[in-house]
Amino acid sequence: MIVRIPTVLRSYTGIDVVEIESAATLAAAVDALDARFPGLRFRIIDEQRAVRPHIKFFVDGALTRDLAAPIPTARELMIVGALSGG
Amino acid sequence: MAASARKAAVGTPRATTLLIATRKGLWTLASDPPRRKWKLTGPDFLGHIVHHAIKDPRDGKTLLAAARTGHLGPTVFRSTDRGRTWKEAAKPPAFKEGSGRTVDHTFWLTPGHATQPNVWWAGTSPQGLFRSADGGVNWTGVDGFNDHPQRKAWCGGDQDGTPDGPKLHSIVVDPRDARHMYISMSSGGTFESHDGGADWKPLNKGVRADFLPQPDPEFGHDPHCMRLHPNDPDRLYQQNHTGIFRLDRPADRWTDIGATMPKSVGSIGFPMTLHPRDPDTLWVFPMDGSDVWPRISPAGRPAAYRSVNGGKTWQRQATGLPKAQAWWTVKRQAMTADNAPTVGVYFGTTSGEVWGSRDEGRSWKCLAQHLPHIYAVESV
């Protein structure tokens with residue numbers, strides 16, 4: 001699965017597209033990213049396992065905030081930093 | 001005490017460096033030894049909301065900065081080379097999973113006791129207390145406060161509090177005893193621990209809380225900034241939502257020392273800074289807390305007020321500051337003093353200016369302008 005990384009997270013990844021193994025759930029995909037880029041997860045998922053307010057996940061183009069959502073066949077995860085104000 | 005301590009002010013001029021934490025990044029302002037010329041460098045963390053940045057006085061080279069961005073959650077950055085390079089904390093302050101609480105931002109950083117060189121303390125919004133035992137790399141919650149059965153009664157809900165979120169601030173460690181600590185909260189009040197944070201007791205007697213229904217509540221107060229004097233650790237001051245107060249331990253009742261401020265200015269404000277050697281000398285920067293709480297300099301005429309007698313009397317210090325139509329104010333972490341022979345006093349404004357005085361507040365000069373909204377100024 002490819003993961004499209006927003007500019008706000010590129011200090012972690014250094015690149016805009018990352019390829020990871022297919023993941024059973026959205027949470028597992030984020031865990032895989034964090035294992036590769038330590039610290040990334042806490043910036044987008046809070047300590048109560050909720051997606052932070054201005055972060056959006058699109059799985060194959062569909063918006064989801066459910067970290068338990070099964071995505072075993074997903075081909076693309078797009079992370080967006082959205083609407084945080086001025 | 002005051003006169004002799006201030007006389008000790010003869011000596012070699014000393015350069016000062018200020019860390020300027022802003023809503024859009026971190027800047028550094030460094031002087032020459034006479035403190036006449038200043039050089040602004042930065043930003044680090046451009047676009048990050050930096051609530052506090054501070055240098056470790058124990059090693060003179062470690063800096064910690066509390067930051068988040070509009071999109072990304074809160075973290076702590078750490079430099080071990082005086083700010084040349086930075087690395088993110090491996091485990092930033094965060095509440096326990098399952099607690100239902102989330103850290104919105106880390107607001108306050110305090111280096112630990114001199115005998116505990118790797119210990120740091122952090123206060124968060126909403127009110128939480130965190131400790132690092134490895135120089136700021138890994139942070140864990142202080143259960144004695146975060147899980148205290150009375151915490152919610154003391155602090156209210158996580159949605160209550162100041163416009164930018166309720167805060168735990170002013171973490172103070174007694175220089176004589178690493179286990180003796182104070183914290184303040186907006187709101188909640190001031191609390192004391194004798195066991196390194198394992199338990200806490202309110203310390204608010206005598207402090208007004210006229211926004212609450214009870215005349216003299218045990219907690220629920222709104223201290224904006226609380227300081228302990230390093231040369232007299234029994235001397236505490238606080239700038240509160242309701243005025244200015246002093247406490248001389250072991251007494252536990254604060255004395256109102258704001259009543260002698262001019263009535264037209266009042267005694268409400270956010271910051272407070274102490275003379276580094278003289279426990280009787282302090283500065284405050286009043287703001288307009290009347291009517292709908294404009295939170296700007298009273299009448300658009302900013303001024304610091306200094307007391308040299310522990311708050312018995314106050315002198316207005318506005319020479320060099322705008323005389324009218326200046327509608328900024330100074331936040332609770334944004335006023336500091338250096339340790340030069342003649343003390344320098346500095347503050348940053350909500351409109352992005354840094355002002356400094358190299359003569360203990362007698363005259364002021366604008367040292368930097370056009371910065372973002374300033375949250376914190378620390379002399380290092």
Side-chain angles (χ1 to χ4, degrees), chain A residues 3-18 20 24-59 63-69 77-86, chain B residues 22-26 43-49 65-78 85-106 122 124-126 128 130 136-141 146-147 158-159 163-165 352 372-373:
Chain A
V3 184
R4 298 196 182 278
I5 305 293
T7 58
V8 296
L9 288 173
R10 291 199 199 141
S11 64
Y12 291 88
T13 64
I15 49 177
D16 59 352
V17 178
V18 173
I20 61 173
T25 62
L26 181 54
V30 175
D31 287 348
L33 283 172
D34 191 68
R36 192 158 151 196
F37 307 107
L40 182 148
R41 176 177 50 203
F42 186 64
R43 306 303 301 278
I44 57 176
I45 307 290
D46 71 26
E47 59 265 57
Q48 305 309 329
R49 295 182 178 269
V51 180
R52 294 197 183 276
H54 299 291
I55 295 295
K56 309 285 184 200
F57 293 105
F58 292 87
V59 178
L63 177 66
T64 178
R65 296 190 68 80
D66 180 6
L67 289 167
L77 168 62
M78 183 174 182
I79 307 173
V80 176
L83 305 171
S84 79
Chain B
T22 82
R23 191 167 180 274
K24 300 286 183 181
L26 175 67
D44 286 308
F45 313 116
L46 179 61
H48 293 240
I49 303 164
R68 61 163 297 152
T69 79
H71 301 98
L72 305 179
T75 194
V76 170
F77 292 102
R78 179 173 178 265
T85 60
W86 294 85
K87 194 171 178 186
E88 186 177 356
K91 186 170 172 256
F95 291 115
K96 286 179 188 166
E97 188 177 341
S99 68
R101 307 186 77 205
T102 57
V103 172
D104 182 80
H105 57 273
T106 296
T124 61
S125 173
F130 295 84
V137 179
N138 291 280
W139 294 84
T140 53
N146 296 345
D147 295 344
D158 287 353
Q159 304 308 313
D164 196 29
H373 184 130

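These numbers were taken from a predicted model, which means no experiment stands behind them. A, B, ... follow the sequence lines: proteins, then strands. Residue 1 opens every chain.
Of the atoms belonging to B:P372, not a single heavy atom falls under 4.5 Å from chain A. Using a 4.5 Å cut-off between heavy atoms, B:E88 contacts chain A through its side chain alone, with no backbone atom that close.
Using a 4.5 Å heavy-atom threshold, the side chains of A:R43 and B:T69 count as touching. Side chains of B:P92 and A:E47 form no contact here, defined as non-hydrogen atoms less than 4.5 Å apart.
Summarising the geometry of B:H71 relative to A:A82, their closest heavy-atom pair is CD2-N, 3.2 Å, with the distance given to 0.1 Å. Nearest heavy-atom pair, A:Q48 versus B:S99, reported as atom, atom and distance to 0.1 Å: NE2-OG, 3.1 Å. Across B:P93 and A:F42, no two heavy atoms sit closer than the pair O-CZ, 3.8 Å. Heavy atoms only, all atoms of each residue included: B:L72 and A:I55 are closest at CD2-CD1, 4.2 Å.
With values rounded to the nearest 0.5 angstrom, B:E97 atom CD is found 9.5 Å from A:D46 atom CG. The CG atom of B:D104 sits 8.5 Å away from the CZ atom of A:R52 when rounded to the nearest 0.5 Å.
Within a 6.0 Å sphere centred on CZ of A:R65, other residues, nucleotides and ligands contribute more than 12 heavy atoms.
Residues forming a side chain to side chain donor-acceptor pair (under 3.5 Å) with B:K96 (at least two apart in sequence, or on another chain): B:D143, B:D147.
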